[in-house]
There are 2 protein chains.
Amino acid sequence: MTDARNADHKSGRVRSHLERLIDDGLQPHDKLPTERQLADELGVSRMTVRHALNALEADRRVYRVHGSGTFVAEPTIDKTIRLTSFTEDMIERGMKPGTRVIDVGTEYAGATVGSKLNLSPAATVVRIRRVRLADGAPVCLETVHLDAARVEGLLDRELSGSLYELLASHYGTIVSKAEQRIAATVLEPGDAELLDVAPFSAALVVERRTTDQHLRPVEFTRSLYRADRYSFLIDIER
Amino acid sequence: MTDARNADHKSGRVRSHLERLIDDGLQPHDKLPTERQLADELGVSRMTVRHALNALEADRRVYRVHGSGTFVAEPTIDKTIRLTSFTEDMIERGMKPGTRVIDVGTEYAGATVGSKLNLSPAATVVRIRRVRLADGAPVCLETVHLDAARVEGLLDRELSGSLYELLASHYGTIVSKAEQRIAATVLEPGDAELLDVAPFSAALVVERRTTDQHLRPVEFTRSLYRADRYSFLIDIER
DNA sequence: GCGTGAAAGAGGTATAGCCCAATTATTCTG
DNA sequence: CAGAATAATTGGGCTATACCTCTTTCACGC
């Protein structure tokens, strides 16, 4: 997977090479070859090596000491929440997931969605609105936005299952990172009706921006979760 | 501060220039000058401009669209969730933290709190209710429960600062892990008044159970965050 | 009018080379 | 031999150029 992600460019291959070096036997705080040496050995320019090292440094795989060298970093500990789809999530909670598709279509990205997906505002996005069910009862109203160019024919497919599985099996897109913003709101009457609760009930607003294995944006989704049936659990360390 | 940090290098000055551009009148999603244009205007090479833009992109001040341009990003308010006290949290967000103590006292743990703190329901717990302020305005109403036996004399101390610092300095308790449950609710009139919002406004409910360095429970806290002034941002990997 | 396709314009990647700054190794000197 | 001066090494920064891919524009032909 790592190799697949890195295969496209020289800097990616340099990165893979360095990752292999680190994984095969190097200990934390061991010194890596110098930038000039790596450039020479791998037949690339030093800037390209630096590009790869910058990426590894950002991921805390290595650290640098000016004038001295580049070293293997200690493995980081964190790893917080897992990235799961609603489907997996519900199964894990012991409930039977379900879906009711409300409406689907294409529209212009606009400024907000465009910026989340790194698309121009004039680009076309697919919009899917679905009510997600647990044991038959509404839990969540989600509005998914996807780059239309990357999911051709998606709207002709069966959309009542896991979108992440669909993206993986038919478009080779593996979701691998996400940022979520969690806030609270009260439900508009229309949304409340879809969720089968009284108007102005409390709800969690979750905005999720997902990126794929190449770190390109995949989806931007805004979900409204019924507060009486859903809450987030987060473990925090250190 | 920003300018001081950037003054040393050309790319820093380019960055400062761009930050000034963004702050002076540019709106989110406005297009920035092209990389080549900036390089020309500022008399630096394009690579230097790209260095500056990479830094701004990493800080989410701008975003890029391949083939189209670089644009002003929407201001992001929140950082990733870490185990921080409210005090640290607010300072990090660039706001001045404050506290208004509502009431304090001791009571029986009861079933709910007792189970969270691994205490018998008949054990005595300290309860502290505080309104937390950011730049003088209410953000959060928190109710803290602590094992009374572990924090003797706490209620005689100054409670308007960071509780975590107090626990560390006077009781040798270092908070090191937490589980949080995040849900939504609408505010009861009494709570709404303390938070200075209309009754039945939306709020985030955060229940946090904190354990110390020996993994013994330290506190159980229920906090109500004003939905209009607070949201959580979470990064998820893999 | 209305696609269509080429050209122009944007960011993305890469090269080779220069000098600077911090560290480390070496040499010189008292 | 110890300490100081110096040289070599290493990462940090920047330039100028080249070519790629993707988007947007716009003139051309139907």
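Chain letters run A, B, ... following the sequence lines, proteins first, then strands; residues in each count from 1. Predicted model, so just to flag it, every value in this text is computed and none were measured.
- When the nucleotides C:dT13, C:dT23, D:dG11 are ranked by their closest atom to the side chain of A:V65, C:dT23 comes out on top.
- One interatomic measurement links the two molecules: NZ of A:K10 to P of C:dT15, which rounds to 4 Å at whole-angstrom precision.
- To the nearest angstrom, C1' of D:dT15 lies 15 Å from CZ of B:R13.
- Rounded to 10°, the angle separating the first-five-pair axis and the last-five-pair axis of the helix from C:dG1-D:dC30 to C:dG30-D:dC1 equals 10°.
- Using the six-membered ring where Trp is involved, B:Y63 and B:F71 have ring planes that are parallel, under 30° apart on the 30 and 60° scheme.
- Listed nucleotides: C:dA14, C:dG11, D:dT15. Nearest to the side chain of A:M47: D:dT15.
- Rounded to whole Å, atom C1' of C:dA10 lies 12 Å from atom CG of B:L53.
- OP1 or OP2 of C:dT15 sits under 4.0 Å from a side-chain N or O of A:T48.
- The base of C:dG11 sits with one of its N or O atoms less than 3.5 Å from a complementary donor or acceptor on the side chain of B:R36.
- Between the side chain of B:H66 and the base of D:dT21, a donor-acceptor pair under 3.5 Å is found.
- Whole-Å rounding puts the A:H51 NE2 to D:dG13 P distance at 15 Å.
- Nearest to the side chain of B:H9, among C:dA14, D:dC14, D:dT15, sits D:dC14.
- For A:S120, counting side-chain heavy atoms from C-beta on, the closest listed nucleotide (C:dT24, D:dC19, D:dT24) is D:dT24.
- Minimum atom distance to the side chain of A:R46 is reached by C:dC18, of the listed C:dT15, C:dG11, C:dC18.
- At whole-Å resolution of the value, CZ in A:R64 and P in C:dA21 are 18 Å apart.
- Of the listed nucleotides (C:dA14, D:dT24, C:dG11), D:dT24 has the atom at the smallest distance from the side chain of B:S68.
- Protein atom CZ of B:R50 is 15 Å distant from nucleotide atom C1' of D:dA16, rounded to whole Å.
- Here the P atom of nucleotide C:dT23 and the OH atom of A:Y63 are 14 Å apart, to the nearest Å.
- Nucleotide D:dT10 holds its C1' atom 11 Å from the CD atom of A:Q37, rounded to whole Å.
- Picking from C:dA14, D:dG11, D:dT15 the nucleotide with the shortest atom distance to the side chain of A:T34 gives D:dG11.
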